[in-house]
Amino acid sequence: MIRAIKGTRDIFGIETKKWRYVEQKIIEYARKYNYGEIRIPTFERTQLYLRGIGGETDIVNKEMYTFTDKGGRSITLRPEGTAGVVRAYIENKMYADKSLKKLFYMGSMYRQERPQKGRYREFRQFGIENIGSKEPLADAEVISFAYNLYKELGLKSIKVEINSIGCRTCRKNYIRALKDYLKPHYEMLCDNCKRRFDTNTLRILDCKNPGCKKITEKAPSTTEYLCDDCKEHFNEVLHYLDVRKIPYSVNNRLVRGLDYYTRTVFEVTTDRLGSQNAVAAGGRYDYLIGMFHSEDIPAVGFAGGMDRLILLMEEEGLFDAMDEEKPDIFIVAVSNDVRDYVIKIAESLREQGFSVETDLSMSSMKSQMRRAGKLNVDNVLIIGPDEIDKGVLTYKNMKKHSQKEIDIKELENFKKILE
RNA sequence: GUGAGUGUAGUUCAAUGGCAGAGCACUGGACUGUGGCUCCAGUAGUUGUGGGUUCGAAUCCCAUCACUCACCCCA
């Protein structure tokens, strides 16, 4: 048997209804905040991610689906959305009018990791990118979008954590201070953190190893080392969150896995998905566009994992009332000699906009009734030779267990008949 | 990439070295033109795969594959 690739899955039945619901809400929210949809390619030149995300990150180091196409180009299935959106922004010269661009996207991303709860190799993300403003107003809007969307979806267990990792200058100072602090403890760090010490010092703050945690507890905090501009920027972001009454907690250990972030970083987390606590994450990336373009253009955005979002909504019981999609009307053919007639009735009802199901297996009347019951259909039309002779339809309401004959002429406005 | 756990009917799970079974689901019937409830019957398996130990293996051992969870990391 040929099976789906590890870490991919099929979504069908009531699952698709959950997905459509969530997708609709996201689209609705993008509209509310005036973010326009952008659809970008699923694969790009590998170079885009190498330079954009950063060669030292795990995403680039070991998780990318990379292959060589027939023209000898190195191609990678997108592991995240921001790099592609930024490429599209530049390529389509969206910077030309100097105005703010607000974009949202939704779609599959690919990372070759060992799958586990809430983590897949093909997973779906949505995200927004707010490009062209360096102002804290923009950061706060992006964070509000995430928080308010999740609140409106009904989530109770989510928290917003926020931090500032500074700009080029103050980050450099902070990293120096952090290294100075860590140096005497170097031998006590886990192997991973020893490696990070030179390549990605900030991430040591994020290490879950109890030994490392203990060491970093007393480490200098990022905010202490922010330059005046960055400090003010951060305070203003918090101010605008306060104005919106968005609850958050400042977490000085919060650093992100992608290299392009500056200043604001944030995560929306939950404690209800096992070890996968991040449902959305993002931040400011003022230097990313400059890596592909002649000048820096400030931007801020976030991405949310939709698979995780739906898992979490299930966990919180938010889909409990959701029913399987069902047809409005089931038409039972009492005997096979009325099949032609049943087809005509069915098509007429479909023209009126109803969802209509009929038997396609030449089954007995009894099994047709059983199927109607199993489909949970409310309305059943029973048609046999007797009905045809009398020019009527037998209408049965399955919920009320009531039944009556209706004149075939009433078919033309069937809505009136339904109880 | 690393570690642990689990693989038996469509599905959920029994069977602890001695005849592979049950619930649910499915199909049919009781009710020949009426679903759900009830009762009856039926279909359902190379016990993931390959090897080994044994008189005998779903059960023990080895390998392999798959799934799950966790680590790393991330949405």
Side-chain angles (χ1 to χ4, degrees), chain A residues 1-7 9 53 56-64 78-82 106-127 146 150 158 190-193 195-196 200 203 206-209 212 255-258 266-270 273-282 301-312 330-338 359 361 363-388 394-403 405:
Chain A
M1 191 179 57
I2 297 174
R3 314 170 51 103
I5 302 291
K6 186 201 289 285
R9 63 207 180 109
I53 301 170
E56 276 309 321
T57 61
D58 277 6
I59 293 180
V60 167
N61 264 339
K62 50 182 203 189
E63 295 170 5
M64 294 205 301
R78 61 182 183 195
E80 56 105 47
T82 302
M106 200 150 65
S108 290
M109 306 294 161
Y110 304 86
R111 292 182 201 171
Q112 188 159 181
E113 310 173 83
R114 200 58 88 73
Q116 56 185 287
K117 189 182 177 72
R119 169 184 296 177
Y120 309 94
R121 289 185 171 183
E122 180 186 42
F123 60 103
R124 292 128 196 110
Q125 278 187 340
F126 71 96
Y150 288 160
I158 53 160
C190 70
D191 291 349
N192 243 310
C193 286
R195 186 174 49 80
R196 286 171 178 147
N200 203 345
R203 293 224 52 108
D206 210 24
C207 187
K208 284 167 195 149
N209 181 297
C212 300
V255 292
R256 312 262 29 265
L258 289 67
F266 76 98
E267 281 185 3
V268 181
T269 60
T270 177
L273 285 185
S275 64
Q276 259 58 250
N277 65 339
V279 282
F302 87 92
M306 297 169 71
D307 306 80
R308 278 182 196 180
L309 172 58
I310 287 172
L311 265 179
L312 181 58
F330 191 101
I331 308 183
V332 170
V334 172
S335 55
N336 287 332
D337 53 341
V338 303
D359 172 65
S361 306
S363 307
S364 68
M365 177 186 186
K366 186 184 197 67
S367 79
Q368 290 181 53
M369 284 303 294
R370 276 201 186 136
R371 180 139 177 272
K374 205 162 49 197
L375 289 171
N376 202 21
V377 178
D378 294 334
N379 309 292
V380 170
L381 284 178
I382 298 165
I383 297 172
D386 297 353
E387 280 82 359
I388 295 179
T394 297
Y395 166 69
K396 175 160 186 169
N397 184 304
M398 299 289 269
K399 284 242 165 69
K400 295 182 182 166
H401 317 280
S402 65
Q403 187 168 316
E405 285 189 346

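Side-chain atoms are counted along with the backbone in the values below, which use heavy atoms only and exclude waters and symmetry mates. In what follows, chains carry the letters A, B, and so on, assigned in the order in which the sequence lines appear, proteins first and then strands, with residues in each chain numbered from 1.
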**Report entry** Heavy-atom protein contacts under 4.0 Å, nucleotides 25-30 of chain B, coded B base, S sugar-phosphate only, - none
**Finding:** -SSSB-

Query raised in the report: Given Watson-Crick or G-U pairs with both distances under 3.5 Å, what dot-bracket string fits RNA chain B, with | for other-strand pairs and [ ] for crossing?
Result: (((((((..((((....[..)))).(((((.......))))).....(((((..]....))))))))))))....

Check the interface with nucleotides 1-10 of chain B: list each N/O to N/O pair with the protein under 3.5 Å, or write none.
residue: B:U2; atom: O4; partner: A:Arg114; partner atom: NH1; Å: 2.9

Query raised in the report: Could you give the distance from NZ (A:Lys400) to CG (A:Asn379), rounded to the nearest 0.5 Å?
Result: 9.5 Å

Query raised in the report: Given the C1' atoms of B:U16 and B:G21, what is the spacing between them in whole Å?
Result: 16 Å

Report task. With rounding to the nearest 0.5 Å, note down the distance linking CE in A:Met64 to CD in A:Gln112. Result -> 11.5 Å

Query raised in the report: So what does A:Val334 touch, heavy atoms closer than 4.0 Å: a base, only the sugar-phosphate, or nothing?
Result: base

Query raised in the report: Are any non-hydrogen side-chain atoms of A:Thr394 and A:Glu405 less than 4.5 angstrom apart?
Result: yes

Query raised in the report: Between A:Val377 and A:Met398, is any pair of side-chain heavy atoms under 4.5 Å apart?
Result: no

Query raised in the report: Nearest of B:G35, B:A75, B:C74 to any side-chain atom of A:Asn277?
Result: B:C74

Query raised in the report: What distance do A:Ser364 atom OG and A:Arg370 atom CZ have between them, rounded to the nearest 0.5 Å?
Result: 8.0 Å

**Report entry** A:Ile388 CD1 to B:G33 C1', straight-line distance once rounded to whole Å
**Finding:** 13 Å

Requested in this report: Please report, rounded to the nearest Å, how far the P atom of B:C31 is from the CE atom of A:Met369.
Outcome: 18 Å

Report summary line: From CD1 of A:Ile5 across to P of B:A66 the rounded distance in Å is 10 Å

**Report entry** Qualifying residue, where the test is side-chain hydrogen bond (donor to acceptor under 3.5 Å, both in side chains) with A:Asp307 and the options are A:Arg9, A:Gln125, A:Gln276
**Finding:** A:Arg9

Query raised in the report: Between B:A75 atom C1' and A:Ile53 atom CD1, what is the distance in whole Å?
Result: 13 Å

Query raised in the report: Are A:Val279 and A:Leu309 close enough that some pair of their side-chain heavy atoms sits under 4.5 Å apart?
Result: no

Requested in this report: Would you classify A:Asp307 as touching base, sugar-phosphate or nothing, given that sugar-phosphate means primed atoms plus P, OP1 and OP2, and contacts are heavy atoms under 4.0 Å?
Outcome: nothing

Query - Separation of the P atoms in B:U32 and B:A15, to the nearest angstrom - result: 44 Å

**Report entry** Distance, nearest 0.5 Å, that separates CZ of A:Arg121 from CZ of A:Arg111
**Finding:** 13.5 Å

**Report entry** Atom P, compared across B:U6 and B:C60: separation rounded to whole Å
**Finding:** 10 Å

Query raised in the report: Between A:Gln368 and A:Ile382, is any pair of side-chain heavy atoms under 4.5 Å apart?
Result: no

Requested in this report: Give a yes or no answer on whether the side chain of A:Glu80 reaches the backbone of A:Met109 with a donor-acceptor pair at less than 3.5 Å.
Outcome: no

**Report entry** Under 4.0 angstrom between A:Gln116 side-chain N/O and B:A70 OP1 or OP2
**Finding:** yes

Query raised in the report: When all nucleic acid strands are considered with a 4.0 Å heavy-atom cut-off, which category describes A:Asn376: base, sugar-phosphate, or nothing?
Result: nothing

Query raised in the report: Rounding to the closest angstrom, what is the interatomic distance between B:U46 and B:A20 at atom P?
Result: 14 Å

Query raised in the report: In whole Å, what separates the P atom of B:C13 from that of B:C19?
Result: 24 Å

Query raised in the report: Looking at the side chain of A:Lys117, which of B:A75, B:U34, B:C69 is the nearest nucleotide?
Result: B:C69

Query raised in the report: If you look at every strand shown and take non-hydrogen atoms under 4.0 Å, does A:Gly127 touch a base, only sugar-phosphate, or nothing?
Result: nothing

Requested in this report: Work out which heavy atom in A:Ile53 is nearest to a heavy atom in A:Pro79; give both atom names and the distance.
Outcome: CD1-CG, 3.8 Å

Report task. Hey, which sits more toward the 5' end of RNA chain B by its nearest nucleotide, A:Glu267 or A:Ala4? Result -> A:Ala4

Query raised in the report: Between CZ of A:Arg308 and NZ of A:Lys117, what distance do you get to the nearest 0.5 Å?
Result: 11.5 Å

Requested in this report: Please determine, for the side chain of A:Gln403, which listed nucleotide (B:A70, B:U34, B:G33) has the closest atom?
Outcome: B:U34

Report task. For A:Tyr120, report the nucleic acid contact type (base, sugar-phosphate, nothing); a contact means any heavy atom under 4.0 Å. Result -> base

Requested in this report: Taking atom P in both B:G23 and B:G42, compute the distance separating them and give it to the nearest angstrom.
Outcome: 12 Å

Requested in this report: For A:Gln112, report the nucleic acid contact type (base, sugar-phosphate, nothing); a contact means any heavy atom under 4.0 Å.
Outcome: nothing

Report task. Rounded to the nearest angstrom, tell me the gap between atom CD in A:Gln276 and atom P in B:C74. Result -> 12 Å

**Report entry** Nearest-angstrom distance, C1' atom, B:C55 to B:G48
**Finding:** 27 Å

Report task. Starting at atom CG of A:Leu273, determine the distance to atom P of B:C69, rounded to an integer number of angstrom. Result -> 11 Å

Report task. Provide the distance between the two C1' atoms, one in B:C65 and one in B:C74, to the nearest whole Å. Result -> 27 Å

Query raised in the report: With sugar-phosphate meaning primed atoms plus P, OP1 and OP2, does A:Arg371 contact a base, only sugar-phosphate, or nothing at under 4.0 Å between heavy atoms?
Result: nothing

Query raised in the report: When we call it a touch if two heavy atoms are under 4.0 Å apart, what does A:Lys6 touch: a base, just sugar-phosphate, or nothing?
Result: sugar-phosphate

Query raised in the report: Taking CG from A:Asp378 and P from B:U34, how many angstroms apart are they, rounded to a whole number?
Result: 21 Å

**Report entry** Donor/acceptor link under 3.5 angstrom from A:Gln368 side chain onto base of B:U34
**Finding:** no

**Report entry** Separation of B:G48 P from A:Arg3 CZ (nearest whole Å)
**Finding:** 13 Å

Report task. Examine distances only and state if a side-chain atom of A:Glu122 and a backbone atom of A:Ser108 form a donor-acceptor pair shorter than 3.5 Å. Result -> no

Query raised in the report: What about the rings of A:Phe302 and A:Phe126, do their centers lie closer together than 6.0 Å?
Result: yes

Query raised in the report: At under 4.0 Å between heavy atoms, what does A:Ala280 touch on the DNA or RNA strands: base, sugar-phosphate, or nothing?
Result: sugar-phosphate

